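This report concerns only the one structure given below.
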Amino acid sequence: MHHRERPVARERLAGDPVEVAPWLLNKVLVRRDSSGRTVRSGRIVEVEAYRGADDPASHAHRGRTARNATMFGPPGGLYVYFTYGMHWCANVVCWPDGEAGAVLLRAMAPLAGLPAMRQDRPTARRDRDLARGPARLCQAMGITGSEDGSDLVDGVPLALVDDGTAPPSDPERSTRVGISSATDRMWRWWVPGDLHRSPGRPAGG
DNA sequence: AAATTGATTCAT
DNA sequence: TGAATCAATTTT
């Protein structure tokens, strides 16, 4: 049956990113316009967890800076950062207010607003390439640094919702992609068999 | 396998 | 003030 979309509970995001990350699989990221209509959405199929002080691969590892401030804010925030001189990446903030940690959104299966996504991702040849990778996901959803710090639970302009699809009971996992420290931690998860997962090769393993 | 691109950060 | 780094993507 069809379930109504409901926002994820902020309390559920306030925990350890390593536990929140696989739980976020199959949740839906939605962009709404000013009248509340869904203009783009996609199902999250690949994530990575980043902790704070005890995770050398985390932007928050060396403490709070202007760039990573959102990660130290309340759970449910959207942490957006710029990297490689050209790419935006989006994370869901975890842990209680004051403690840093987040889940990187690495890939999505597009659900709604595909024409707009194709327009913002002209290099995507197939629809499965629209949001396959963290920077591609941001392009497909129209996310940039101007939306750093917005709230995914309040849901404007971006929302994290549960449409009734449970997370996979047996998510696949690996080490994280594109990092050079803490390469042994198996903190990347994806929906088994989903073709929308990014091709990124894990660091170390 | 190599080019692309610029903010951020830490070290001088 | 300078150099290294970088939660990647695209093209060759």
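Every value quoted in this text rests on a predicted model; they were computed, and no experiment measured them. Residue numbers start from 1 in every chain, and the chains themselves are labelled A, B, ... in the order their sequence lines are given, proteins ahead of strands. The figures that follow rest on heavy atoms only: side chains count, while hydrogens, waters and symmetry mates do not.
Residues A:V191 and A:E46 have side chains not in contact (no heavy-atom distance under 4.5 Å, counting atoms from C-beta outward).
Atom CH2 of A:W88 is separated from atom P of C:dT9 by 15 Å (rounded to the nearest Å). Between A:N91 atom CG and C:dA7 atom P the separation is 10 Å, expressed in whole Å. The interatomic distance linking A:Y50 (OH) with C:dC6 (C1') rounds to 11 Å, in whole Å. Summarising the geometry, the separation between CG on A:L78 and C1' on C:dA7 is reported as 14 Å, rounded to the nearest angstrom. In this structure, A:H59 places its NE2 atom 9 Å from P of C:dC6, rounding to the nearest Å. When rounded to the nearest whole Å, the span between CG of A:L105 and C1' of C:dA7 equals 11 Å. The CE-P distance, from A:M186 to C:dA7, rounds to 21 Å in whole Å. Going from atom CZ of A:R188 over to atom P of C:dA8 covers 10 Å, rounded to whole Å.
When each of A:S181 and A:R132 is assigned the nucleotide of DNA chain C with its nearest heavy atom, A:S181 is the one assigned upstream, toward the 5' end.
A distance-only check finds no donor-acceptor pair linking the side chain of A:D129 to the backbone of A:A124 [under 3.5 Å]. A side-chain donor-acceptor contact under 3.5 Å links A:N68 to the backbone of A:H59. Using a distance-only test at 3.5 Å, with no hydrogens or angles considered, a donor-acceptor pair links the side chain of A:R121 to the main chain of A:L130. Side-chain N or O atoms of A:R136 include one that pairs as donor or acceptor with a backbone N or O of A:R132 at under 3.5 Å. Using modelled atom types, no side-chain atom of A:D154 and backbone atom of A:V156 make a donor-acceptor pair closer than 3.5 Å.
The same atom, C1', is picked in B:dT5 and in C:dA4; the two are 15 Å apart, to the nearest Å.
Nucleotide B:dA7 carries an anti base; the chi torsion (O4'-C1'-N9-C4 or O4'-C1'-N1-C2) is more than 90° from 0.
Remark: A:R176 is positioned above the aromatic ring of A:Y50, its terminal NZ or CZ atom under 6.0 angstrom from the ring centre and at most 45 degrees off the axis. Geometrically, A:R106 does not engage A:W190 in a cation-pi contact, judged by NZ or CZ lying under 6.0 Å from the ring centre and within 45° of the ring axis.
Residues meeting the ring-ring contact (aromatic ring centres under 6.0 Å, His included) test with A:F82, sequence neighbours left out: A:W88.
At the phosphate of C:dT9, neither OP1 nor OP2 sits under 4.0 Å from any side-chain N or O atom of A:R121.
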Protein-to-nucleotide contact annotation, 5' to 3' order, nucleotides 1-12 of chain B [B base; S sugar-phosphate only; - none; under 4.0 Å, heavy atom]: ---BBBSSSS--
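For the strand DNA chain B, secondary-structure stems (runs of at least three Watson-Crick or G-U pairs, all distances below 3.5 Å) span B:1-4 with C:8-11, B:6-11 with C:1-6.
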